Amino acid sequence: MYDLIIRGARLSDERLVDIAVQNGRIAAIGSVEGRAHDERDLAGRYYLSAGWIDSHVHCYPKSPIYHDEADAIGVAHGVTTVVDAGSTGADHIDDFYQLTRAAQTQVYALINIARTGIVTQNELADMTQIDGAAVQQAVTRLPDFIVGLKARISSSVVGDNGVQPLVKAKAIQQQSGGLPLMVHIGNNPPNLEQIADLLTSGDIITHCFNGKPNRILTPQGELKAAVKQAMARGVKLDVGHGSASFSFDVARVAIAQGILPDTISSDIYCRNRLAGPVHNLAHVMSKFFTVGMTLPQVIDCVTVNAAAALRLTGKGALKVGYDADLTIFTVKQETRPFIDSEGEQIAGEKHLVPLAAVVAGQWITTEEGVAHDLGI
Ligand code: ZN
Ligand code: ZN
């Protein structure tokens with residue numbers, strides 16, 4: 001007797017499978033025999049993928065600027081795992097960890113290299129805030145929570161320090177066993193070229209399709225050489241949509257040249273969730289249909305690619321023995337407006353609607369699923 005069987009699930013490649021869950025893990029996939037305490041038949045009407053992972057969010061509820069609740073950005077909209085990108089540094093990360101234990105959504109954190117995290121907009125303007133020993137101690141205390149480092153390297157954050165905070169971040173990364181480093185890019189100085197030159201395999205550039213002058217494309221629309229070289233070294237691109245960091249124009253031109261994001265993430269927090277232009281991860285994912293990506297490509301960005309980028313073992317794929325984190329969703333054909341961070345509005349024809357999340361085997365109907373009346 002399994003705990004849960006979901007039958008007739010449609011995968012993003014249109015195959016139909018059954019999935020059985022036992023003790024919080026995927027126990028069987030394919031044509032599943034036997035019974036379960038909880039059985040749900042999707043009858044091919046709904047899609048299912050590995051649980052969606054949002055690799056750049058802000059959900060430390062006590063943050064003065066970018067606060068939110070993990071479940072409001074997570075399971076309420078089909079996201080089973082969120083990775084907070086540097087809201088907290090060594091000073092508050094233990095408090096953050098404790099608060100997240102009550103959430104149904106699985107929460108991980110990238111620790112800000114500044115002790116304070118993001119309490120003001122310029123946490124790296126004072127080099128004395130960067131405390132490598134404190135970061136290392138936090139990683140040692142919370143090895144299952146802290147999955148990487150975060151450094152925001154744009155003019156308003158670093159002040160007069162240029163790339164010096166990034167040089168320090170790379171040193172801390174080495175001392176911390178080579179955890180992934182996510183680097184926020186935005187206005188210069190420093191120039192993107194200087195940033196990209198310092199990055200190595202596994203590092204992540206977030207806000208990769210921002211529309212600011214210091215973007216990944218040249219004025220002629222070509223990928224900047226330094227970014228191209230960084231990608232060839234294994235540097236990854238993360239979307240990190242946010243309030244100010246996603247341009248349809250940049251995404252369209254980049255994707256047309258085959259420059260796809262590795263991960264699609266929201267950079268969501270309370271304000272851009274409620275007022276837009278982010279709303280939720282599904283909304284951000286749906287925007288990528290309008291710039292030339294397919295359903296399997298979009299789903300890969302929030303499952304297998306996200307798990308690989310953040311090294312979340314046992315997640316991101318439908319495999320026996322992996323965590324039973326699943327997202328059930330539908331694709332709705334309907335014309336609705338999409339707005340990017342530059343204010344460009346386009347008509348989206350295709351929308352992802354998350355209907356339910358399964359976290360460690362437990363079924364949670366989303367807000368959209370409640371409204372949709374699933375009939376399962
Ligand atoms: Zn940022
Ligand atoms: Zn952010």
Side-chain angles (χ1 to χ4, degrees), residues 53-70 72-74 79 81-89 92-93 96 107-114 116-125 146-159 163 165-166 169 180-190 192 195-196 199 203-216 236-247 250 261 263-281 284 302 306 309-310 340-342:
I53 301 164
D54 193 338
S55 47
H56 181 163
V57 308
H58 294 280
C59 63
Y60 179 46
K62 296 184 193 171
S63 168
I65 314 179
Y66 302 123
H67 52 85
D68 214 331
E69 298 288 337
I73 62 176
V79 177
T81 299
V82 297
V83 180
D84 182 278
S87 302
T88 56
H92 305 109
I93 200 149
F96 181 30
V107 183
Y108 296 92
L110 303 173
I111 185 170
N112 199 307
I113 59 163
T116 56
I118 309 174
V119 289
T120 58
Q121 283 294 10
N122 61 346
E123 73 269 12
L124 296 177
I146 300 173
V147 295
L149 311 175
K150 176 79 187 289
R152 300 202 303 157
I153 309 295
S154 57
S155 59
S156 54
V157 181
V158 301
V163 289
L166 180 56
L181 168 65
M182 181 183 278
V183 176
H184 140 133
I185 59 168
N187 288 319
N188 58 325
L192 179 55
I195 296 171
L199 303 181
D203 290 343
I204 301 163
I205 293 175
T206 191
H207 309 315
C208 67
F209 295 147
N210 80 74
K212 295 166 188 172
N214 197 30
R215 64 181 73 171
I216 62 167
K236 294 171 188 280
L237 299 182
D238 174 63
V239 168
H241 186 302
S243 307
S245 301
F246 178 73
S247 155
V250 173
T263 49
I264 296 177
S265 65
S266 64
D267 192 15
I268 196 168
Y269 71 108
C270 181
R271 194 141 45 109
N272 67 25
R273 166 167 64 86
L274 296 174
V278 173
H279 299 298
N280 55 59
L281 182 63
V284 173
V302 299
L310 281 318
D340 69 4
S341 308
E342 303 291 314

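Count residues from 1 along the sequence. Values in this document were obtained by computation on a predicted structure and should not be read as measured data. When a ligand or atom number is given, it counts from 1 through the structure's own listing order.
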Below 4.0 angstrom, N of the basic side chain to O of the carboxylate: do D203 and K236 qualify? no

Could you check which N/O/S atom of D267 is closest to the Zn ion (ligand 2)? OD1

Among the N, O or S atoms that H184 has, which is closest to the Zn ion (ligand 1)? ND1

For the atoms NE2 of H58 and NE2 of H56, give the angle they form at the Zn ion (ligand 2), rounded to 10 degrees. 110°

Intermediate values then yes/no, side-chain contact (heavy atoms from CB on, under 4.5 Å), T81 and Y108: CA-CA 8 Å; T81 299; Y108 296 92; 3.6 Å; yes

What's the separation between atom CG in D238 and atom SG in C208, rounded to the nearest 0.5 Å? 6.5 Å

Reference residue T206; test side chain to side chain donor-acceptor pair (under 3.5 Å); the match among H184, H56, K150, H241: H56

